[in-house]
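Remember, it's a predicted structure, so these values are computed and weren't measured experimentally.
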Amino acid sequence: MLERWLETKLQERESDQLLRKLTTPKGLIDFTSNDYLGLAHSKELFTNITERLHQLGVQENGAGGSRLLSGNSIHTEEVEEKLAHIFSATSSLIFNSGYSANLAVLSSLPQRNDTIIYDELAHACMKDGARLSLAKRLSFKHNDLNDLESKLKKSTGRIYIAVESIYSMDGDVCPLKELIDLSEKYRTTVILDEAHSTGVLGKQGGGLALSLGLEERIGIRIYTFGKAMGIHGACVVGSKALRSYLINFARPFIYTTALPLHSIVAIESAFEYLTQHIELQQLLTRKIRRYSEGAGSFPQNLVRPSSIQSVIIGGNERARRAARHLQQEGFDVRAILAPTVAQGSERLRICLHTFNGDEQITNLTEAIKEVIPTHKDYLAT
C-alpha cells in the first residue's frame, strides 16, 4: 500500500518534469556551489584544522549526545565567545546548520497571538520555523517595504520580521537600513539570516549588518558556515538572555546531538584563516565585476552585486535544456525549477567563486548567450 503510494507520487513528479535526482558531476568548472571563497577545498585551511586538532589532543569521533547532556565542551563555549566577538554581539550559540538555527529561532520565540512577517522569498527553513510556532504568519512582497508596512499595521502581539541579507535565488540584497527604520517605528524584532553574506562581507566576514554598521539595531542574527566559510554549522547571535532562552526552549537545540569537536575546531580555524586572508573578499568582488561586464547586456538577466547570479529562462524544460547545454560546454551550472521559484521565472543559478578564472567567467558568459530565451535557434531545438 505504501509502496504504491510512493510510486504514484514519484510518477506525478516525473510527469510534471519535477523529479529530483542526486548527481555527481565530475570534471566541470564549478559555477554552482556556495563555496564562494574557495575555503571548502583549501588545503591550507585543511592543514590548519588538522594541526589545531592535534594541538588540542582531540581524539573523539562524535559528541556523544546533545549539548545539554554529554555534547558540551569548554572549547565549544570558547569558540562561541570568539564568534560573538567576530559578529559584535554579546553572545552566540552554535547550531548544527543554518536550517536548524532558523528553525529554532522562529519556532520557539514567537508565541500565540504574536505575528511573524517574512519576505516571500525567504528560505524554506524560515517558513518551516514559522509554521511550527503558534504565531500568526504573514508574508510581504519581496523587498517591498510599503507592503511590509501594510502587514505591520495588521499585526498583533510581539512582531518579528524575518529576512535574509542576500537572497539565495535572486542574489539581491535586503534594503536593511530602511527595513530597520520601519521595524523600529513599529517596535518589532528583526531576525536576519546572514547565510549568503557570512564571510564575503564585513570585517572578519561578519556579514551585511556589520558592513553597514547596523548590528546593534538587529535583535537576532543567524550566521551559516556551510557556504563561504567552507565548513559546517551555524550560530545565532544576540543577547545573553536570547542565548539562555534558546538553550531552554529551542527544540532543534535541546534534542539534537551536538557537533563533534572537530567541527567546532573547523569553525574556529576557518574564521582565523579568513582574518589572515581577508583579501579574498576583494578578489571575489573582482570576479563578480568580471561576470557583470560580460552578462550586463543579457535579456532577462538579473545582474546582482553578489556571488549569486541568475539568468531567467522560463519553463522547467527550457531551463533544464539550457543547463544541460552549459554542462556539455564544461560548466557546472544548474537549473532552478518551479515550484522552488515562481512559475515563469525558472532559471539558471550561477555562483561565482574566487577560484573561477577570468577566462572561465568570460567563456561562461559567451556560452550563456547561446541559451538565453531570445536565441530562436536554441529554443527551436
Side-chain angles (χ1 to χ4, degrees), residues 33-49 52 76 78-99 101-102 123 163-168 171 173-174 176 191-218 220-238 259 263-289 304-308 351-356:
S33 78
N34 295 321
D35 185 23
Y36 308 127
L37 299 177
L39 301 191
H41 297 95
S42 168
K43 293 180 180 179
E44 186 179 353
L45 176 56
F46 182 87
T47 299
N48 293 352
I49 294 169
R52 183 64 172 146
T76 299
E78 289 174 348
V79 171
E80 286 176 330
E81 289 179 4
K82 289 181 179 180
L83 291 172
H85 177 72
I86 288 169
F87 299 129
S88 296
T90 306
S91 67
S92 78
L93 185 65
I94 288 175
F95 284 81
N96 289 18
S97 69
Y99 196 105
N102 275 293
H123 193 271
V163 294
E164 298 182 45
S165 54
I166 297 175
Y167 286 86
S168 60
V173 180
C174 174
L176 193 56
I191 301 171
L192 178 66
D193 182 0
E194 295 262 23
H196 292 278
S197 61
T198 305
V200 302
L201 293 175
K203 183 181 177 182
Q204 295 182 282
L208 179 65
L210 270 170
S211 73
L212 298 175
L214 298 170
E215 66 278 4
E216 293 183 2
R217 298 173 64 189
I218 301 171
I220 304 165
R221 287 174 281 145
I222 298 156
Y223 292 90
T224 299
F225 310 140
K227 295 176 172 55
M229 298 310 299
I231 45 172
H232 199 67
C235 74
V236 177
V237 307
L259 285 174
S263 291
I264 302 300
V265 169
I267 294 169
E268 177 185 33
S269 299
F271 278 97
E272 288 177 354
Y273 182 87
L274 179 59
T275 299
Q276 296 164 3
H277 297 84
I278 200 66
E279 72 278 359
L280 289 171
Q281 291 182 340
Q282 286 71 44
L283 177 57
L284 182 61
T285 298
R286 291 199 295 272
K287 301 299 181 180
I288 295 168
R289 188 181 303 120
R304 303 300 191 190
S306 74
S307 308
I308 303 166
C351 291
L352 302 169
H353 315 94
T354 55
F355 54 80
N356 291 138

If only atom types and distance count, is the side chain of Asp35 paired as donor or acceptor with the main-chain N or O of Leu39 below 3.5 Å? yes

Should the pair Phe225 and Phe271 be assigned to parallel (<30°), tilted (30 to 60°) or perpendicular (>60°) ring geometry? perpendicular

Give a yes-or-no answer on whether the side chains of Ser197 and Glu194 include a donor-acceptor pair shorter than 3.5 Å. yes

Leu284 and Ser307, any side-chain heavy atoms less than 4.5 Å apart: yes

Just by modelled atom types, is the Ala266 backbone N or O under 3.5 Å from a matching donor or acceptor in the Ser269 side chain? no

So, for Ile86 and Leu210, which heavy atoms are closest and what is the spacing to 0.1 Å? O-CD1, 3.5 Å

State the CG-CG distance between Leu212 and Leu201, to the nearest 0.5 angstrom. 8.5 Å

Considering only heavy atoms from C-beta outward, does the side chain of His277 approach that of Glu44 to under 4.5 Å? yes

Taking the six-membered ring for Trp, are Tyr36 and His353 parallel (under 30°), tilted (30 to 60°) or perpendicular (over 60°)? parallel

Is there a side-chain contact (heavy atoms from CB on, under 4.5 Å) between Ser165 and Val173 once you walk through the steps? CA-CA 6 Å; Ser165 54; Val173 180; 6.0 Å; no

CG of Asp193 to CD1 of Ile222: how many Å apart, nearest 0.5 Å? 5.5 Å

For the residue pair Thr354 and Lys287, what are the closest heavy atoms and their distance? O-CE, 3.5 Å

Once rounded to the nearest 0.5 Å, what's the spacing between atom CD of Glu80 and atom CD1 of Ile267? 9.0 Å

When you measure from the side chain of Ser42 to the backbone of Gly38, do you find a donor-acceptor pair of N or O atoms at a distance under 3.5 Å? no

For Ala101 and Ala234, work out which heavy atoms get closest and say how close. CB-CB, 4.3 Å

Do side-chain atoms of Ser211 reach the backbone of Gly202 as a donor and acceptor pair under 3.5 angstrom? no

Would you say Ile94 and Val79 make side-chain contact, with heavy atoms under 4.5 Å? yes

Rounding to 0.5 Å, atoms CZ (Arg286) and CD1 (Ile288) come to a distance of 11.5 Å

Results of salt bridge (Lys or Arg N to Asp or Glu O under 4.0 Å) for Glu81 - residues two or more places apart only: none

Do Ile220 and Val236 have side chains that approach each other closer than 4.5 Å (heavy atoms only, starting at C-beta)? yes

For Ile278 against Gln204, the heavy-atom pair lying closest together: CD1-N, 4.0 Å

Would you say CZ of Phe46 has more than 12 non-hydrogen atoms from neighbouring residues, nucleotides or ligands within 6.0 angstrom? no

Criterion side-chain contact (heavy atoms from CB on, under 4.5 Å) on Lys227 and Thr198, from CA distance to verdict: CA-CA 8 Å; Lys227 295 176 172 55; Thr198 305; over 6 Å; no

Donor-acceptor contact present, side-chain Ser91 to main-chain Gly238, <3.5 Å: yes

Would a distance-only check, ignoring hydrogens and angles, find a side-chain to backbone donor-acceptor pair under 3.5 Å from Ser306 to Ile308? yes

Residues passing the side chain to side chain donor-acceptor pair (under 3.5 Å) test with Lys203, sequence neighbours excluded, are none

Using a 3.5 Å distance criterion without hydrogens, assess whether the side chain of Asn102 forms a donor-acceptor pair with backbone atoms of Gly98. yes

Under 3.5 Å donor-acceptor, Arg221 side chain and Phe87 backbone: yes

Nearest atoms (heavy-atom pairs only) where Arg52 meets Val265: CG-CG1, 3.5 Å

Main-chain N/O of Ala89 paired to Glu215 side chain as donor or acceptor, under 3.5 Å: no

On a heavy-atom basis, the closest approach of Ser168 and His123 is OG-CD2, 4.4 Å

Give a yes or no on whether Glu216 atom CD has more than 12 heavy-atom contacts from other residues, nucleotides or ligands under 6.0 Å away. no

Kindly determine whether Glu272 and Lys82 satisfy side-chain contact (heavy atoms from CB on, under 4.5 Å), including the steps that lead there. CA-CA 10 Å; Glu272 288 177 354; Lys82 289 181 179 180; 3.9 Å; yes

Against Ile218, only a single residue in Ile191, Leu176, Val163 fulfils side chain to side chain contact (heavy atoms under 4.5 Å, CB included); can you say which? Leu176

Euclidean distance, Leu45 CG relative to Gln276 CD, rounded to 0.5 Å: 10.0 Å

Check the pair Ser92 / Tyr223 against side-chain contact (heavy atoms from CB on, under 4.5 Å), numbers first and verdict last. CA-CA 10 Å; Ser92 78; Tyr223 292 90; over 6 Å; no

